[in-house]
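One structure is given below, encoded as structure tokens.
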Amino acid sequence: VTDQEVMSKLQEVFDEIFVQKIRLTKELTAEGIEEWDSLTHTFLEVAIEEKFSISFSYGAFAELTNIGDLIAFIKNILKSNEP
Amino acid sequence: LFKRGREGLDRNQLRQYLNLKDERLLPEFFNDCEMARSLSDYQFLYQLKHQIINNVLFKDLSDSSTRDILILSPANLHVFGILMDIQISAISRSFCYNLNYRFYGDLIGALEEQFKHKHPDFLMVFPTPKVNEQSISEISHLFDFFKKQENKFNGEIAIANLPLPPTPFPGANRNKYFSSAWRIAKDCNQVFIKDNNFSFHLIDLEFLSALYGTENVFDTKQWYQSKSPFTYEFSNRVAKECVALVRSKEVTPKKVIALDLDGTLWKGECGDLDVNELEVGPGYPTGEIFAEAQKFFHSLKERGFLLTLLSKNDESRALKTIVDHPGMVLKIDDFSCHQINWDRKSQNIVSLSRQLNLGLESFIFVDDNPAEIAEMGLYHPEVHCVQVPSDLSKYLSELEADANFHTQDLTDEDLLRTKFYKDQERRNEDLKAIDNEVLRMQFLQTRAEIGRLNAIDKKRALQLINKTNQFNLTRCRLLASEFEKIASDETKQVLTCKVWDRYGFLGLISTLIASKDMATNSLWIDAWVMSCRLLGRNIPEAILNQVVLSARLEKLEFIFGRYLKSDRNGPFADLYTRLGFELLKDNGDEKVFRLDVSNYVEKQTQIEEIR
């Protein structure tokens, strides 16, 4: 999987969850996005897990700093899930 | 206006609601809410709803239909709150606010603090679902606290018990260890059912967790990360149960069950077969299924439903089958009335509704024939139709799962009594602040529904006659059989009066029996009883207005009232005089009064009279 593929799938998740339109970039963080509170963060975690059919380990999701981080993290899990 | 996308809700179209400034589009939005299926649907609509409230429509939503629901828990039930918020919006077309209270520690302290500010319409309390050694005493405390609050709290209270914990620790004997989580949770839940002398609702998480499989209930990762205890799926299931509870307060409950015969109460057609060839009861392959279904209907009758028969059959043959078949659980006397003939069922059900004096919206129709179900749905969409499943092994479980058969507690007048007295205290408290009689009446917003006795109310109307001592003008006492005879007598009228006010339903509080006397072209009030709880609200005046109205319709000239003295009814000796009757005869223990219908001026009661 490429960064771009993961990014576009993530964009779909964000479009489903946020009312406000958010354009994803690798540098994007929750900072300054009003809807992105701790609760939305929880929902986002569940929605991403569902979208990619993966499961984040305990505490891992909270440690990510920006979207670039998240993409790398997802790619890592997907890779380790490969047979 | 907004069509759904191929998969789920179209987000871009939903976003357009934000640009709209017209509250008439709210129903459209609610329709979309009802389409929500996935967690992200709910989250999106929740966010959208709150932005609409804040930006666009805030003023329009602060009307009386707004329900305010507060969910309190030491665990974080945000997810659960969102699910409920959107589901309740969708169902009741009214907004509710979820104030998820997030705190650790003293739940009771938080409740007391909350009660100082505001009483929500519905308060739902979820104790933390993780148990420890202190849990039992904490739950007992909570329980006692609510029993004390009952009299002070201005809304409905629902408390959740504990879901059963999925941990196998400490092994096979977990049920024997007082300190195992399994045993603690079960002991805690005993606290909720140790006595039934309370009027709050129980949200039965024990049942739901068992139904769901306890392993699928808890989300340990989210518990440690955000104190959100339940999986999304389980939260959704609990939310549905709570929404059903809130909703049950808003819709007319079902009261009458109209039952088909062949294929519904037994297998086979009674027109073609001998009685012993019809399968119901033990000894037949599928007889047990029908016997269980009949038992189910019988239990509903015990809980206050009326059973009626609605069948295309030969009447005498059908009734004979009911009497003669040894496997019948339901007996002929269990049915309040029947329509058994070859006419359309959609017509016959109207006759049943007239006979019972209950609207079609209170009917449930059960039939095995899809064509009959379809016909009923076409003509009377307000009737709830239940189709007997083609796989008969599912018959009973489908009946039991249908929420229309679920009775909320607190419908029976006897059960309601605790609530009456609790409301009375609050009412007196509130009225103290108002020193003007007219303003008081306005404040109370009393509504009285006065009309002919219907079948559901018979028991209560008779009970009222037989236990009222004070406002019982003719010392009336009746046997059920006597009352039955009066109720079916064409020359007599039985009126009942049901009352509501701003605190809710106050019950059926008056029964009046009158008979027409053609010889004198007048109406005699043979008996009149009223519960003394509601004196001073002009209810006798409202009832008299109705009596005069019906006398006028029948072109009667006079209304006669009688008073027979008893030890207790002294305060009402001059009731008729106060109501404008003229005293005709007085020999101490008996007085007779007369009212000239043509001179009667309708009394101003300051209450809303529904006829």
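Order of the sequence lines fixes the chain letters, A, B, ..., with proteins taken first and strands second; residue numbering starts at 1 for each chain.
- Under a cutoff of 6.0 Å and an axis angle of 45°, R237(B) and Y212(B) do not form a cation-pi pair.
- With a 4.5 angstrom heavy-atom cutoff, D219(B) does not touch chain A via any of its atoms.
- Note: Q43(B) CD to S38(B) OG = 10.5 Å, rounded to the nearest 0.5 Å.
- Less than 6.0 angstrom separates the ring centroid of F56(A) from the ring centroid of F73(A).
- Taking F44(B), Y232(B), Y42(B), Y224(B) one by one and counting their heavy-atom pairs under 4.5 Å with chain A, the maximum is reached by F44(B).
- Interface remark: T40(A) contributes backbone and side-chain atoms alike to the contact with chain B (heavy atom separation under 4.5 Å).
- Between V6(A) and K75(A), the closest side-chain pair of non-hydrogen atoms falls below 4.5 Å.
- Using a 4.5 Å cut-off between heavy atoms, E45(A) touches chain B through its side chain atoms alone.
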